[in-house]
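Input: a single structure, listed below in structure tokens.
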Amino acid sequence: MRIAAALLTGIIIALMGVLLGAWWTPFVVGVALGLVVRRPIVAIPLGAISGFFSWMLPLAGQEVRYDLGPTTLSLAEIMGFGHAGSLPVILTLAVGTLLGLTGAWLACAARLVVPAPR
Amino acid sequence: MTLDPAVEAPARAAKARAGEPRSGQATGARRRLPPRHHLANLAAAIVVSALVLYVAFFGAGPLPALGPAFNPTTGAWTMAADAQVTDRTISVGPFGGGLQQPVKVVLEKDGTAHIAAGTDHDLFFATGYVHAKFRLFQMDLMRRQGAGRLSEIVGSAALDSDRFELQLGLLRTAWAEWNALAQDDPVKDALTAYSEGVNARISEAEVHSQLDPMFTLLGYKPAAWRPVDSLLIKGDMTQTLNFTDTPLLMAQLNKSLGADLTSEWFPILPPNQQSPYDPGPYPPAKTAPIESMRAVTDAEAQSASALYEKLASLPSGLIATGGASNNWAVAGAKSMSGGAMMAGDPHLHLTLPAIWFQMTQDSPGFHVSGVSIPGTPGVLIGHNQHIAWSLTDAQNQQTFFYEEKQDAAHPNQYMWNGAWQTFKTVAYDIPVLHGQTQHLTVKLTVHGPVISDRGITTSVWWAGNLPSQDLGVLFHIGQASNFKEFRDALRDWYSPTHNFVYADDQGNIGLISAGYFPLVAKGQPWLPMPGTGEYDVTGTIPYDQIPQAYDPPSNILWSANQRQVTNDYPYYIGTAANFFDNGYRANEIHRVLSQPGKLSPDDMMALQTDTRDFLASEIVPVLLQSLDGQQLDAKESAARDLLKSWDYRMEAGSPAAAIWDYFWGWYMDETFHPWWKSRAVPVDMQEVIDMLGQDLEIWTLSDPANRVFTAPGVGARTAVDAQRTAFHRVIKDMAHLLGGDPKSWTWGRVHTRVLENLAQISGLSYGPRADRGDANTPLAAGGFPSTHGPSWRMVVDWGAHIFEGVYPGGQSENPASSWYADRIDTWWQGRLKPMLTADEATSSDGASTRTWTLQP
């Protein structure tokens, strides 16, 4: 339950940051998760999941409101992906996921090296 | 605190078992280092995190900064929200203000904007706001081009362009024009209000994360708009239409072909019959007579070649390479409705977004409808309540090159009017993305900027560098209600010289080639001239003596970039190669308009999409005659039969059109290539193909034994021999390229059109798509693929009160918007759309219109 709560809290904080334009918030949330969830095998996926959802939910919201079809195609063309409209979506979600994941990984790795103060 | 006791407890236990000292417990005891794999793990985490963060914050290689670029709420994804246009009330106060009263903007279902303001100031404010809402990135690119600041956003690839623009001096001219405006000049207020409107939108877009995604992806924010930026965009257009390098070409042709052949093949007066709209009579000239061609020295040719190569390496659009626009007017006496009619289709590089933005402007001082150029506050082509106007490029020579005399004993000086003058200099810094800022010093002479130091120092006099208040002229045109006011307004128009066609609600028509027609004291302005003072530009042809016509007896007026006057015109206005059109479009337009009977708006529309090739109508009968009695194989016979039954229309489905076009190309090559080869002419034949085509036309029709056909290395020949050889080669070539059945060689298989994305993103371009027309047809479509053409088509019938127009593209630069390319199909089919008023738009399709209210 505590892990689930941590994840939910992380997602909410990261999402709020992203909605306010602070796109890097998932990294910070990932770091926090890495610090509070000691086992890396748990913390790192949590960071990744929080990053993924904090970037995916606003995108999903835009899809519902505006239909992202023409936008995904346009972005694919601008980025040189041709008509592969799914690639900008994948890239976007990958960025969010990586931010959360690397934040958590970095914190976990640091914790293993630097013992916690007693 | 930890949230994972299952992890924490065993860890503690493990440590206890190992008897490890606690941190800080045993003073002086040696601290044990963490296990190596933990250190490696940390190192890996740092490296990967740093990489991810670096790419997210700064980008890498072609990747933009991924974080801000793809942030779903403020990044490029916002183009989806931007594509939605809803009814809105916008308070501009928080975004800089500047508005005096509320302004209403009605957007039609295709995005055509109707701006109604209580003051002229507010009208231009709202125009700036609306332009920036839909075209900010385009506007920013255009001002950057003129200001030499493209490298700042795209890197060193744009350095040549930036250096050239700063040398040429659009920025200096724009500032001079701005500084010359009196404090109470309405143009100053208009430019200021327009800038405030643009800046209000920039601020709003930044606050709401609505900047065009291209800004996000390129990783920069637009600077505040300045009035001088609008003047820069005017300069961009002048440059692309009127800055020419023809004297440099002529110098190289002169050196390689010789003065005699050059003067014969590249004459001042067109050799073929054209259709000037102003047939005279003309007043006597008060200028030096035109001189005959002199020989060019080696040093001059080498310098010209070096400068020519420099200019040729610049991106397309910086040098005017030819023009193609149509306009015409029909007086009430010849129209079905009894009112005057006007049609216009300026031909430009076709881009997405288009160069045009359609709108109406209503305020106490303005009631105009038409198209504007984003970045500038007025309507350039359109109509008001009494008059309609359109324009084509007049093509007279406005660029002159001067060879500055220098001497080692007088460094940094040049000789002018018998005395050594010191070059003035201007220094610029050019910021370069991912590179060092470049420094540039531009030398200035009395003629203009030095644009080449290789060989002979060469400066350029360009009419586009004359500070002029062309925006004020446009405003006065928009406010004119009769020909006198229209003509008086144009008196102050400088550059680019345009053929302004006119039709009014009283049945009158007119045409004026307004602009600066430079006069030189003496010399040969079609070549680079000595800069010592004797050959300087001394002024312009008096306004009353420039080409113009009003209510002619024929009841028609037309221009299609042809030379406007007959060979009797006493002034030098440019050579046939610099770069008056070859006249075929003008001839065809004149042929159609001058037929008996009255004309309707449908006839105007049909003529705008006319694909009849006038040159083909002259030459194909001669070719068929030349083939009479010849032994032809099956394919050649079939091709000849197709030509026999052809109506000279360059339709996409016509095989004869393709055969004709290929034939003409091979015939040109057969005639001129041996000369080019034997004389080692350094100029690409394609650069002067229009001029050579006029020569070949006239020799084919009336001088088939001309010496040109007896080229070095091919023996004695006539035009008939060259045609036969070319025809055989054509059929062989086309069979190889398109298969064995001539009936399948349709024009559309080889001739396509592309509307290129302004940022050169091919996936956001339109086409290539098979299309009709060619360079000689009123529906202009030269090139393979064709990227130039009718950028706006407009037809006005004052009698029937019909106002229609369309441009290829759409109002929005956002590719995700339904207004990005929605007008292309209508344009492609040759149809027009009604130019409605705001009330008409609302009453006819109110559900689809959107209304914005801009509040102070």
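Remember, predicted model here, so these are calculated numbers, not experimental data. Proteins get letters first, then strands, A, B, ... in listed order; numbering begins at 1 in each.
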Let me know if B:A44 has heavy atoms under 4.5 Å from chain A in its side chain, its backbone, both or neither. both
Greatest number of non-hydrogen atom pairs under 4.5 angstrom with chain A, of B:V52, B:T74, B:L51, falls to B:V52
Just checking heavy atoms, which of residues 62-70 of chain A are less than 4.5 Å from chain B? A:Q62, A:Y66, A:L68, A:P70
Which portion of B:P68 sits near chain A, non-hydrogen atoms under 4.5 angstrom: both
Note: B:L66 and A:W55 closest approach over all heavy atoms is O-CH2, 4.2 Å
Can you tell which part of B:I761 gets under 4.5 Å to a heavy atom of chain A, answering side chain, backbone, both or neither? side chain
Using heavy atoms and a sub-4.5 Å threshold, report which of residues 814-822 of chain B line up against chain A, by residue number. B:P815, B:A816
Chain B heavy atoms under 4.5 Å from A:M79: which part of the residue, side chain, backbone, both or neither? side chain
Heavy-atom distance under 4.5 Å between the side chains of B:S762 and A:E77, does that happen here? no
Is any side-chain heavy atom of B:L53 less than 4.5 Å from a side-chain heavy atom of A:T102? no
Is there a donor-acceptor contact under 3.5 Å linking the side chains of B:W77 and A:T92? yes
Between B:S49 (side chain only) and A:L106 (backbone N and O only), is there a donor and an acceptor less than 3.5 Å apart? no
Are any non-hydrogen side-chain atoms of A:V113 and B:L39 less than 4.5 angstrom apart? yes
Could you tell me which non-hydrogen atom of B:L42 sits nearest to which non-hydrogen atom of A:A109, and how far apart they are? CA-CB, 3.6 Å
Any idea which of B:A83, B:A56, B:A69, B:A76 has the most non-hydrogen atom pairs under 4.5 angstrom with chain A? B:A56
Go through the steps for A:W105 and B:N41 under the test side-chain hydrogen bond (donor to acceptor under 3.5 Å, both in side chains), then give the verdict. CA-CA 9 Å; A:W105 180 18; B:N41 181 41; 2.8 Å; yes
Need one label for B:L63: side chain, backbone, both or neither, based on atoms under 4.5 Å from any heavy atom in chain A. side chain
Structural part of A:L91 lying under 4.5 Å from a heavy atom of chain B: side chain
Taking the side chain as every heavy atom from C-beta outward, state whether A:L75 and B:L217 have any atom pair closer than 4.5 Å. yes
Against chain B, label A:V18 side chain, backbone, both or neither, depending on which of its atoms sit under 4.5 Å from a heavy atom there. both
